[in-house]
Structure formats: C-alpha cells, structure tokens
Amino acid sequence: MTTSAPRDAAAPLTLALRDVAKSFGAVQALKSGTLEVAPGSIHALVGENGAGKSTLVKIIAGVHRRDAGVFELLGDAVDFGSTAESKAAGVAVIYQEPTLFPDLSVAENIFMGRQPLGRGRRIDRARMHADSEALFARLGVSLDPRREARGLSIADQQIIEIAKAISLDAALLVMDEPTAALSGVEVQRLFAVARSLRDEGRALVFISHRFDEVFDLCDTVTVMRDGAYVSTSRVAETTESEIVSRMVGREVAELFPKTAATIGDVVLDVQGLSAAGEFHDISFQVRSGEIVGLAGLVGAGRSEIARAIFGVDAYDEGSVSVDGRPIAARRPRRAIRAGIAFVPEDRRQQGLVIEGSVARNIASIIRRRLSLGGLLTSRAENRAAAPWASTLQVKTSALDMRAATMSGGNQQKVVLAKWLATEPRLLIIDEPTRGIDVGTKSEVHRLLSDLAGEGLAILMISSELPEVLGMADRVLVVCEGRITADIPREEATPELVMAAATRSAATTPPAPTASSDKEPVA
Amino acid sequence: MTTLAPTRPTESAGVRVLRTVLRSRELAIVIVLVAIVLFATARRSSFVFSADGWRDTLLAPSILLVLAVGQMVVVVTRNVDLSIGSTLGISAYVVGKIFVANPDTSVFVVFAAGIAVGAVVGAINGLLVTVFNVPSLVITLGMMYVLRGALTHEVGSERINAQDFPAHFEKLGTQQVLTIPVLTIIALVVVAVVGYYLHTARGGRELYAIGSDPDAAVLYGLPAARRVFGAFVLCGALAGLAGVFSTARYATAFSGTGKDIELQAVAAVVIGGVAIFGGSGTVWGAAIGAFLLVTINRALPILGISEFWQGAVVGLLIIGSIVLDRVLSIRRQHRLLEARDHA
C-alpha cells in the first residue's frame, strides 16, 4: 500500500475525508467529519474539546477504523487497520500526548523500527545519534540523543515527537496540539520547519487552540463542532471572531450556569506546597461557596497538586489545612475525615469500583458507619444510597446495576454521590466533565453550582477553557508547576488564561543557545 | 557545526564505555559472584583449583544459562514463560527416546530434534498470548501443568538411564576443549548471539520498546504481536536445547526432569537486573545471574551454611536485588527531576 506515485500537474488532494463517522459503544465521537487538505498547504483544524478532532486524527493515523465515510490519501481510497499501514503510506502523526519508550534512549525513540543500519544489518548507533543531533539542530534545541527518555520534561518529549515525525519524510504530517508545551522560540522553530515542509509540497494538518498560531502559520482552516464538520475557509478571508462563533455555536453562559453564591470563610488553605519535579511554592485558598478553577495545560502539574492536597502523593514542603486545622501529608483517610472529597480524573480506574453496584459505590466510603458488628448488608447500602441517587438524578433502573454499564455522565454522578454522602466541606474535582456528552455536562455543572450555593468549597481542575470561565469564581492558572495567575471571574478571558498557561512562551530567554529545559519565570 | 551550545562536557568513546561499565548493574553481580568464588576457594582450594572443581564451576551453570537467556528475551517484552521446565522435560524425554530407538543417531539430529520440540511449545505459547491477548503468566502456567501432566502420563515411572545413551553422547556432557566444557561453550555462544541481536538489531531493540510501553509500541506501528511471538519461540527453542544439555550431562530422563527450574530461570533474570515489567536489562545480566545462582548453591555447603538454608539464601538474593533496583531507580528519578528544576 505504498503511495510513491509521482505528483502530476492536476495533483490530487493529499488527504480527503468526507462524512466520516465513528462510534465507541453508545457514544458517537464523530458524526460527519470532513477534511480536505491540498499538497503544499498548512491546514488548521479547530474546534472545542470534544468536537471530534482527535478522533479524526486517530482515524487518519490508523489507530481507529472509521464506521462510515470516504477516506482518500493522494487520490487513492485507503482503509488503515494499523499505525504501521498509515506510516508506510506516508502519514506522520504527532499526538497530543507524547508516547515514548521511557527505558530507551532519545535517539532510539526517534528511530525505533527504522534505525540506520550499517554492515551486517547492525544498527549504526553513531549515525543514529548524528541524525538525531541534526534533527535537533533543525529544531534549534539541544538534547542528548544518548540519554534515556525517562524523566524528560513534557516540552522535551514533544520535541522528540516532532523530530520523529519530521524524520519520517511523510507526504502528510498531522500535528495534534504540538505547541501546547513548547516555548516561544521552539514554536517559531517548529513553524519554520513546517513552512519548509509545505514549500516541498507536503501537506500539513495543524490542530491548535491558539488562534494567533493558526493565523500565523496556516493558509486554510476547517472548523468542527460536536463531532461534525462546520466550515472550511481561507485564513486570509476570515477573522478570529468568525471562527470562534462557528466553533462555539452557542453562548458560553448558557452552557455553564454558575449562579452567584455567598462566599464565606476560608475552607482550604494551601501554603508553600512543593514537590521536586512536580510543582513549586503553591499557595492559595478556597472559601465556602466558592468555585476555584485550576486551569493550565495538560502536564502543568494540576492533578499532582490535587493529589498532594488529598494526601495520595507526598510533598516536600508546605502545609495544607481545612477549616484552620492542618492536614497531615500522605494520609487520605484523615483528609476525608477533615472533610475533603476527591473526584479523580480517571473515573473508571480511580473513581469507581467499576464492577460494583451503584449502591455499593455510593456507600463505599461511609460503609463503616453503615455496618453492624463489622457486617455490611446490601439492604443497608441500598437504604443509604437511595436518597443520594435520587438527589443527583442518577439515571439507573436499579441500585444494584453495575457501574461499568452506565454512561460517563451517570458514573460521574455516582462518584459525586459517594462523596456527598460523607458530607464534605471541600470538593476537589479533576476534569468534572471529561468523556461526558454535552447534555449531561450541563447537568454536572448545575450540580456543582448548587453545591457551591449550599456552602461547599470547590476546587475544580479543568482543561476546557469555557468550563473554567463559565464555572469558576476565581481562576488559578498553573504553568510548569507554578501558579502564574490568579484571575477573578469578571476579568477572566480566554486570552488572559492562555497567556498565563503558556507564560514561559512569552518570556523565554533568548535562544538558540537556550537549554531545552525552560525555566518558568517566577 | 550548528549553533548548538554544548551542554555537557564532550568525552571520548573510551571514557564513555568505561563509565557505562562502572555504573552498570551487571558489575554489581559480577562482584558478588567473584566474592563468593573467592570465599569458597579460600575455604577449600579445590572449589576452583582442581580439575573437577574447575570443570564443575563452568559446567554446572550451562543449563540454567541457556534457560535464563530465553526467559530474559520473553521478560523484556513484559511477559513471562513458566512452561520452560516442562518443555525441558519433554525435550529430554524425546532425546532419550530417539537414542533408545537408534543408538547411532547423530548428535546433530538430536540437538535439532530437542530444539524443534521446544520451538513448537514456544510457538503455541506465543500464539495463545498474542492472538487471544491473554496474560502470559496464566497461559504458560497452564502450559506448564499440561505438558508435565502429558509427560508423566506418557513416561509413568519409566526412566531412561545411562545405559540407554550411546557413549559419544554421554561423553559430550563432560567433554572439554582447552579445559572448558563443550556445553558451556555452546551456552556462551547462545548468550553472545542473543545478546548481540538484542543490542544491535532492529528486532532486538523493538523487543525492549514493546516491553517499555506496549501502547506506545502500537502507536509507533511496531509489529508487536510478531515480535512477542518470536520471543516465545526462541525461549521455547532454548528450553528444548536445555533439555538436550540435561540428558547429555546427567544421562537420564524421567517424568520429573526439569521440574521447578523455570522459577530458577526467572530468579536468574531478576537477579541479573532485568526489569520484571520489561523494557530494560541485558542478556549478560541474566547470564551472570544464572552463574551466580548455581555457584551459590555449590558454595554454600563449603561456606558452612546448611543446605536447608540454600533456598532461603536464593530468596534473599532475589529480594535484595529487586530492592536494590528499586532504590537505584528512585534515586535516579529524583536526580533527573531535580536536574530539571534547577536547569
């Protein structure tokens, strides 16, 4: 399935996807995705989180197989069953989250499976390292090709992904938010490389949330919303506000109805929290009735901060107190007793006993209180769970239904019910609506808003800007393990939050001699 | 040159090699091994300095050496093969049966037969693991009992003994070239070839990659299933080879041949510094681990430690080496993170 066909005068589109659909179980991630990319073009693909961009990328990459629709590469119909097939056909993909082999060297991560060979088909390590250095020089970074990938910063991992994709010499290069973790200089280098690839007649797909980058780099832009194609236009003939209105298609305020609540006393007080390599000098407070949004890029250290506060992970310095009483480090049970509830990002793995019943999940933390002489009956569990299930409108036929069979939104309600049964003072919720369909999303938001209204203090981690802006009374922005901004609701704009989240981007020391590990400006 | 600023002192290849050796996990076990040999020899000089002692020191580990190499290749892909002891038993029995049927059979035919039997078992394991995507721990545990049961049923209380084997084959078990036993030479060749492949061939590096992160291996488009299958076939083939070794060395084959040796092979791999969750470690390490295990068992009685304690000593060695690995990796992780913070 090679496509080394010579490009004739009427060159076919490098990539053509039309009305592509893909479902995962009951969830339709992609309804009708359309994307047509011409050779010698840089094509932006924009849309909110959950618009179906990443699913589309994974179909191009051969990770997923489409359920329906047209998929053509260089004019030929293709149907990739594996990433190896798409690679062989000339597709290179930079995924949003770097996927590296931690035990192997940087150079091997770039060239795995296609290392330069010397005599007797043995790997020519000297050439592999030299080739890696050349790629890094082209990208203007300094990385040791011999060191192992374990322990690299997210930015460096992203650099390796980019170097790998460039070295593939592909006809189509797809970049899913490649700049999310990069500094300003690194982004400019990447763009220079992207332009030179375009001038060689290759096609590039560029996914980004940063509009300045889209307008700087791309010539065409396709907008997606809710798993469907919305529009394609020349970048020169459109404006940012036009694109945003097509992306959103509805008012932000409608979707995220945080009602005003009386802000009371300080519930959570975090002072000078630090953990080597994770986060530094984190200090903030959350008050009763307040929703504090923790915004930032993936990998900025937000989840790590939350886990440290709840006592799952250790920290080196600092203190955490609830209602003025200090909480011991690394003691989740004491944190629960002090009134902290923690809804983790990964519901299926960490939030639920996935094979357990709804009632058992809801009653799981208060089970000691429900048990009689150390024995816990299903009746007691059901009795305790029923009111919470109905308060949160968990849509389930019976309380003994397995959690695994429920939709994401209902699962999240079960997790919330479990914690509310402990009557917490503080709710830490990590990505409250990840993997939840749009309808149920607003229900979860209404729920959080109600809880704040009743005086609960809420610390909400979210990577979805509209969610943060719509829900939070105050937005704390984390960048590379430090809080870089504390923005009250009235002043919070997407631009302000993004600027703080990529703060290192705006104020990087002059390179090209800059070390690849960026120092966040404190 | 480019505008790249050198962020590390440039060092010559020689210095780098030396540094790698000095820092290597393998050096630690070599030191333990040498220390044990020295202590045992100090107590009783015949431990090494006698014709028999010298031969035993080199010959005794040869069977486990071959098994540990195969096991290492499977473990590095984040799998394990517990059926190699039973495979060894079946291979040994097949070898015995061949000689009972025709005492003049060429040694090469016998080697080929033993290896082929093992490779077939390995292929079955590999297919079950890759096609049905079942954890190898369970598959090979089942295979271990199935094969042992079949062997016991077939062999019963029968025992193929020394008189059934032709002299030329029995001699192979103790034959030496320049005082080095032939079986040990074959085992070392296996170590060298497999070690070379894992270090310098694409396929070898892909085995590490698959063990390091199986999901990433899929995204890279690596032929993960094919590689894992190949690892199981190699492991089985080497277990078959070990079966031939076993008959040559002990001149016997019965229903219990090779029982429990699979766990020794896993122990050798772990002691040799191969990560049980795959992705890192070397064949050299596994080989030295096998050498150490066998030598300790021989040395303990000389060092005045009762043989009843032998199992416990091996256990302590396993626990000690895995704790050492963990401590080293935590320290390294911390160093990397701090380097990042202060960069």
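Throughout, a chain's letter reflects where its sequence line sits, starting with A, and its residues are numbered from 1. These numbers were taken from a predicted model, which means no experiment stands behind them. Values below: all heavy atoms of this structure, side chains included; hydrogens, waters and symmetry mates excluded.
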Q | Lys/Arg N to Asp/Glu carboxylate O, Asp281(A) vs Arg482(A), below 4.0 Å | A | no

Q. Looking at Gly221(B), Ala201(B), Ala209(B), which one has more heavy-atom pairs under 4.5 Å with chain A than the rest?
A. Ala209(B)

Q) Which residue out of Val63(A), Val93(A), Leu117(A) racks up the most heavy-atom pairs below 4.5 Å with chain B? A) Leu117(A)

Q) In terms of heavy-atom pairs under 4.5 Å with chain B, which of Arg125(A), Arg121(A), Lys87(A) leads? A) Arg125(A)

Q. Taking NZ, NE, NH1 and NH2 as the nitrogens, is one of them in Glu161(A) or Lys164(A) under 4.0 Å from a carboxylate oxygen of the other?
A. yes

Q. Can you say whether Ala217(B) sits under 4.5 Å from chain A via the side chain, the backbone, both, or neither, judging by heavy atoms?
A. both

(Q) Can you tell me which portion of Leu219(B) sits under 4.5 Å from chain A's heavy atoms? Options are side chain, backbone, both or neither. (A) both

Q | Audit row: Asp215(B), Thr99(A), side chain to side chain donor-acceptor pair (under 3.5 Å) steps and yes/no | A | CA-CA 8 Å; Asp215(B) 296 334; Thr99(A) 47; over 6 Å; no

**Q.** Flag if over 12 foreign heavy atoms under 6.0 Å of NZ, Lys22(A)
**A.** yes

Q: Would you mind listing every salt bridge (charged side-chain N to carboxylate O under 4.0 Å, His left out) that reaches into residues 219-236 of chain B, with sequence neighbours excluded?
A: Glu206(B)-Arg227(B)

Q.
Please classify the contact of Tyr196(B) with chain A as side chain, backbone, both or neither, using a heavy-atom distance under 4.5 Å.
A. side chain

(Q) Tell me every residue that passes side chain to side chain contact (heavy atoms under 4.5 Å, CB included) with Ala149(A), counting only those two or more places apart in sequence or in another chain. (A) Leu100(A), Asn109(A), Leu152(A)

Q. So which of Gly113(A), Ala134(A), Ser82(A), Ala84(A) has the biggest tally of heavy-atom pairs under 4.5 Å with chain B?
A. Gly113(A)

**Q.** chain B contact via Glu108(A) - which portion, at a heavy-atom distance below 4.5 Å
**A.** side chain

(Q) So which residue, Ala61(A), Gly120(A), Gly62(A), Pro102(A), ends up with the most heavy-atom pairs under 4.5 Å with chain B? (A) Pro102(A)

Q | Residue Phe111(A) versus chain B: region with a heavy atom under 4.5 Å | A | neither

Q | Leu173(A) CG to Ile166(A) CD1 distance, which is reported to the nearest 0.5 Å | A | 7.0 Å

